[in-house]
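Right, one structure below, let's go through it.
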Amino acid sequence: MLTGIKTMESRSRAFKNNLLAVVDGQLDKMDLTSYDIIILPMFKHHHFYLVCFDMNCPAIEVIDNMHKENCWVLLKDNPKFLSKGTPCKVRHIYLKEVKHPKALFIPHVALRRRVIGWGPRKNFTDCGIFAMRHMEAYAASNKPLNCGFNKKESEQQEQIKNFRMKYAAKILLSDANLLKRKVIEDARKVADTKKVA
């Protein structure tokens, strides 16, 4: 988290350390020069959204599930770093730390909010599910974002429930989960108990 860090140097250092933590300290995974699409999940004020770099177009898009009337993610730029919106700060720091061969074009590209037709007006709790689905579906800034969400919020709830179960299963059964074996053993015990009953 970069909140409360005042100097540009300390923010850059914190950003780089956070990236290193995400890749478990494996420096080779910090090299993103061969990627054309780079998606950064953002978490601020208990809300998840995405900043997507499309290095081919080039374009930078913010994808947020909230309806535009309720969205608080600021896209404003400003010469003063602390007055920039968070996506602009990320663009500024990210490009300094990750030396992508197409990075020279990006500072001149305006950030834009991706318009989605399924943004809920009242659902303030499922932003993580929306962000994960948006990451799965994002192909490029010039391609449709086909997430499969229904435009009616009442019908989205069943879809969100299904995605929540899918993502929970993927996380729990991932090889990255150090407790994967225990999760499987416990699930078998529960299943065996149900068979007996």
Side-chain angles (χ1 to χ4, degrees), residues 1-3 8 11-12 14-16 18-23 28-121 123 126-151 156 159 163 167:
M1 302 284 274
L2 300 178
T3 307
M8 181 61 195
R11 282 177 178 263
S12 291
F15 185 80
K16 190 171 187 176
N18 288 343
L19 281 178
L20 272 170
V22 167
V23 296
D28 60 314
K29 291 191 177 172
M30 291 281 288
D31 181 11
L32 302 177
T33 56
S34 63
Y35 295 96
D36 293 323
I37 302 292
I38 301 162
I39 301 173
L40 298 177
M42 304 297 297
F43 182 71
K44 186 172 183 181
H45 301 300
H46 306 286
H47 181 67
F48 286 100
Y49 64 97
L50 307 178
V51 177
C52 304
F53 292 81
D54 183 346
M55 304 307 262
N56 281 330
C57 283
I60 306 172
E61 293 187 302
V62 171
I63 303 177
D64 184 8
N65 69 287
M66 292 308 300
H67 191 273
K68 62 183 176 183
E69 294 172 5
N70 299 329
C71 180
W72 55 264
V73 177
L74 298 176
L75 302 185
K76 72 174 183 173
D77 205 350
N78 193 302
K80 294 181 180 178
F81 183 79
L82 294 176
S83 298
K84 293 176 183 288
T86 299
C88 290
K89 290 175 186 172
V90 168
R91 170 183 64 180
H92 187 84
I93 294 173
Y94 174 80
L95 292 173
K96 182 179 177 194
E97 293 301 332
V98 182
K99 295 159 182 66
H100 196 285
K102 297 179 183 177
L104 293 175
F105 302 106
I106 294 296
H108 308 290
V109 175
L111 276 90
R112 67 179 184 220
R113 180 181 161 90
R114 182 71 172 252
V115 177
I116 57 174
W118 53 86
R121 292 176 192 270
N123 184 339
D126 293 311
C127 56
I129 300 297
F130 281 101
M132 290 180 74
R133 182 65 188 136
H134 293 157
M135 281 190 281
E136 283 183 320
Y138 189 82
S141 60
N142 59 357
K143 293 186 179 174
L145 186 63
N146 297 320
C147 294
F149 284 116
N150 196 301
K151 291 182 181 182
Q156 278 183 4
Q159 292 176 302
F163 280 124
Y167 296 139

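All values below come from the heavy atoms of this structure, side chains included, with hydrogens, waters and symmetry mates left out.
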If I take atom [atom1] from residue [X] and atom [atom2] from residue [Y], how far apart are they, to the nearest 0.5 angstrom?
X	Y	atom1	atom2	result
Asp54	Asp36	CG	CG	7.5 Å
Phe48	Asp126	CZ	CG	12.0 Å
Met66	Cys127	CE	SG	8.5 Å

Please find the pair of heavy atoms, one from [X] and one from [Y], that lie closest to each other, and give the distance.
X	Y	value
Ala137	Leu145	C-CD1, 3.8 Å
Leu50	Pro41	CD2-CA, 3.8 Å
Val109	Ile60	CG1-N, 3.9 Å
Asp64	Ile116	O-CD1, 3.4 Å
Ser141	Arg112	CB-NH2, 3.3 Å

Can a donor-acceptor pair be found, under 3.5 Å and without considering hydrogens, that links the side chain of [X] to the backbone of [Y]?
X	Y	result
Gln156	Asn150	yes
Asn65	Phe130	no
Arg114	Ile63	no

Ring geometry between Trp118 and Phe149 (parallel below 30°, tilted from 30 to 60°, perpendicular above 60°):
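Geometry flag for Trp118 against Phe149: tilted rings.
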Applying the side chain to side chain donor-acceptor pair (under 3.5 Å) criterion to Tyr138, which one of Glu61, Lys143, Arg133 satisfies it?
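In the set Glu61, Lys143, Arg133, the residue that makes a side chain to side chain donor-acceptor pair (under 3.5 Å) with Tyr138 is Glu61.
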